[in-house]
There are 2 protein chains.
Amino acid sequence: MGKNIPVPAIERLSKIYTVVSGLKKSDKKRISSAELESLTGIQAHSIRKDLSLLSPVKSGKEGYSTDSLEELVSATFGFNRKRRICVAGLDMLGMAILNNPDSALSGFEIAAGFDNSINRMEMITTKVPLYHFYEIEETVRRLEIEFAILAVDAEGAQKTADRLLAGGIRGILNFSPVILEPKLNLLVRNIYLLEELRLLSALLAQDPVPLTRGQTGAASPDKGNSEQYK
Amino acid sequence: MGKNIPVPAIERLSKIYTVVSGLKKSDKKRISSAELESLTGIQAHSIRKDLSLLSPVKSGKEGYSTDSLEELVSATFGFNRKRRICVAGLDMLGMAILNNPDSALSGFEIAAGFDNSINRMEMITTKVPLYHFYEIEETVRRLEIEFAILAVDAEGAQKTADRLLAGGIRGILNFSPVILEPKLNLLVRNIYLLEELRLLSALLAQDPVPLTRGQTGAASPDKGNSEQYK
DNA sequence: TCCTATCTGTGAATTATTTCACAGATAGGA
DNA sequence: TCCTATCTGTGAAATAATTCACAGATAGGA
Ligand SMILES: NC(=O)c1ccc[n+]([C@@H]2O[C@H](COP(=O)([O-])OP(=O)(O)OC[C@H]3O[C@@H](n4cnc5c(N)ncnc54)[C@H](O)[C@@H]3O)[C@@H](O)[C@H]2O)c1
Ligand SMILES: NC(=O)c1ccc[n+]([C@@H]2O[C@H](COP(=O)([O-])OP(=O)(O)OC[C@H]3O[C@@H](n4cnc5c(N)ncnc54)[C@H](O)[C@@H]3O)[C@@H](O)[C@H]2O)c1
């Protein structure tokens, strides 16, 4: 179980999990690697290989059991346990995320929102409890919040990340256009809108356009070489 | 020039470009691969290797010239040409993006917004011209819009993508939680919030937590095997 | 001008990931 | 029960990406 699964495989397996758990609502009891390929775009080859890195799923002539497949990935990666998250920065982007219907984040619970503008917070109506920037550390610790969605402006990003980490946060989804200092014990995935657009440009400039290759997950595990952790 | 650069290298080079062009405002004229490493988290090794895939930059004992480095990447990937983009779906997320200051998207111009709710559009004040869903195809073609940011709800995602493509769009940044059908001549990068959170969970479940490895870019080039393009 | 310290550029070696191909397992029918 | 068609599971092979290590280039000082 604790075997080391390559990051690209983790990304694919998460996507497979998403698709399979979406499928479960329908009556589908079994699914083959070929069907999964057409739903996810991941090659059947890779799907079987990836699953073989986990403990065995219940399979047979008619493919995998959707139940046991979901259960297996879920257990391996801890998707069954509900995790508390928070949103830092409550301007338009942060509010859009805060107002997401719960169902859109199934498995996660938005337990707090943070901003440094009292005015702004007073104008907001939401059922998520809101706190000031100064209360980040204490609140994250008290509510045992594990992940943060960072949607503050560029100037505030690093110091907000520092506070979150001081409170014991384990991972950050960083929407701000800032490269956060790498820290030991902190996972960062960056969602850089401008970078994504540039990437589209760059891929378009390739010849041939590389449609046929590539990962499956999403943003970027933050790179860091062991020397520079602070 | 038209040599084929691996996708992970493209992702790194785009990030390097972002950092270097941010730097240029300051007086820095030259930068070494080691300095770039500490700014980007990408190892100096890789930076030099990646740059060696492009035509030569002006370098010397004191590292790369920031000007020629920026110029080189920019020319290779077409970052110098301004591209028109659009936003489809103007609820909270779409509006957050529409209201982004221009500077935040330098190199891109938001030339249109689309929604299928007339009511919603009448309430919006913005300098970006807005159009109805029905006008997508014609407008994309007329304004020569190259990329779209897709922020419609799940039900509308595929049909909106189809309209955009019919208008000749080249790439989509997909924020909706839907796996779009792969199409030839269409680049898709997905930004799946829930997936990202799951990935954080999954990475945390690894032992050791894989901080030291990983790409640099951001979201996911959509996988597709050549058979299934429609 | 020559020497030296610094930093790049890049083949070669290493490591990681994907793809292949086929043996084995299963379900369903004869 | 046995046979067959289907689909998984997984080592081995192929491919891709990263890291290494060092030759060569440059700037600045003696
Ligand atoms: N809000 C978030 O935090 C968040 C984060 C990540 C992703 N997303 C996804 O982004 C999308 C947008 O989310 P949202 O929070 O802005 O709210 P939403 O999903 O309610 O917004 C949908 C908007 O798209 C419009 N729309 C629907 N069908 C359309 C069509 N065919 N053509 C044009 N417009 C159409 C609707 O009128 C509405 O304005 C959703 O798919 C959501 O799942 C949201
Ligand atoms: N709007 C977009 O389309 C978009 C897309 C991708 C990324 N981003 C990035 O996401 C971030 C949020 O963007 P936005 O459009 O919501 O507007 P914004 O950048 O104006 O919002 C910043 C919010 O963070 C708050 N803030 C600032 N410093 C803080 C601190 N130290 N602690 C807590 N809160 C703090 C501010 O009060 C404000 O509410 C920005 O970094 C932006 O670049 C925006």
Quiz item: In whole angstroms, how far is the P atom of C/dA16 from the CD atom of B/Q43?
Solution: 13 Å

Quiz item: Between A/Y64 and C/dA25, does any side-chain N or O lie under 4.0 Å from OP1 or OP2?
Solution: no

Self-check item: Nearest-nucleotide 5' precedence on DNA chain D, A/E62 against A/L54
Solution: A/E62

Quiz prompt | Distance in angstrom units between A/K29 NZ and C/dA27 C1', rounded | solution = 19 Å

Quiz prompt | Pairing partner (Watson-Crick or G-U wobble, both distances under 3.5 angstrom) of D/dG9 | solution = C/dC22

Quiz item: Rounded to whole angstrom units, what separation is found between the NZ atom of A/K49 and the C1' atom of C/dA21?
Solution: 12 Å

Practice problem: Could you tell me whether a side-chain N or O of A/Q158 sits under 3.5 Å from a main-chain N or O of A/E181, the two making a donor and an acceptor? | Solution: yes

Quiz item: Expressed in angstrom and rounded to an integer, what is the separation of B/R30 atom CZ from C/dC7 atom P?
Solution: 12 Å

Quiz item: Does a side-chain N or O from A/S33 land closer than 4.0 Å to OP1 or OP2 of D/dT8, or not?
Solution: yes

Exercise. For D/dT18, give its Watson-Crick or G-U wobble partner with both distances under 3.5 Å, or none.
Key: C/dA13

Practice problem: May I have the distance from B/I31 (atom CD1) to C/dT8 (atom C1'), rounded to whole angstrom? | Solution: 14 Å

Quiz item: Closer than 4.0 Å, any side-chain N/O of A/R12 to the OP1 or OP2 of C/dT18?
Solution: yes

Exercise. Please check the phosphate of C/dT19 (OP1 and OP2 only) for any side-chain N or O of A/S46 closer than 4.0 Å.
Key: yes

Quiz item: Just how far, in rounded Å, is P of D/dA17 from CG of B/L51?
Solution: 17 Å

Self-check item: B/R30 side chain to B/G63 backbone, donor-acceptor under 3.5 Å
Solution: yes

Quiz prompt | Comparing B/S52 and A/D50 on DNA chain C - which has the more 5′ nearest nucleotide | solution = B/S52

Quiz prompt | A/R48 side-chain proximity, nearest of D/dA17, C/dC22, C/dT10 | solution = C/dC22

Quiz prompt | Between A/R48 and A/S33, a side-chain donor and acceptor under 3.5 Å | solution = yes

Exercise. Respond yes when some side-chain nitrogen or oxygen of A/H45 is under 4.0 Å from OP1 or OP2 of C/dT18, and no when none is.
Key: no

Exercise. When you get a sec, tell me which of C/dG28, D/dT18, C/dT19 is the closest nucleotide to the side chain of A/K61?
Key: C/dG28

Quiz prompt | Test item: A/E11 side-chain N/O and B/L199 main-chain N/O as donor-acceptor pair under 3.5 Å | solution = no

Practice problem: Would you mind pulling out the nucleotide paired to D/dG29, Watson-Crick or G-U wobble, both distances under 3.5 Å? | Solution: C/dC2

Quiz item: Given atom CG of A/L13 and atom P of C/dT17, what is their separation to the nearest angstrom?
Solution: 13 Å

Quiz item: When you measure from the side chain of B/P8, which nucleotide among D/dA17, D/dT10, D/dT19 comes out closest?
Solution: D/dA17

Quiz item: Counting N and O atoms only, with roles assigned by atom type, does the side chain of A/Y17 sit under 3.5 Å from a partner on the main chain of A/L72, one being a donor and the other an acceptor?
Solution: no

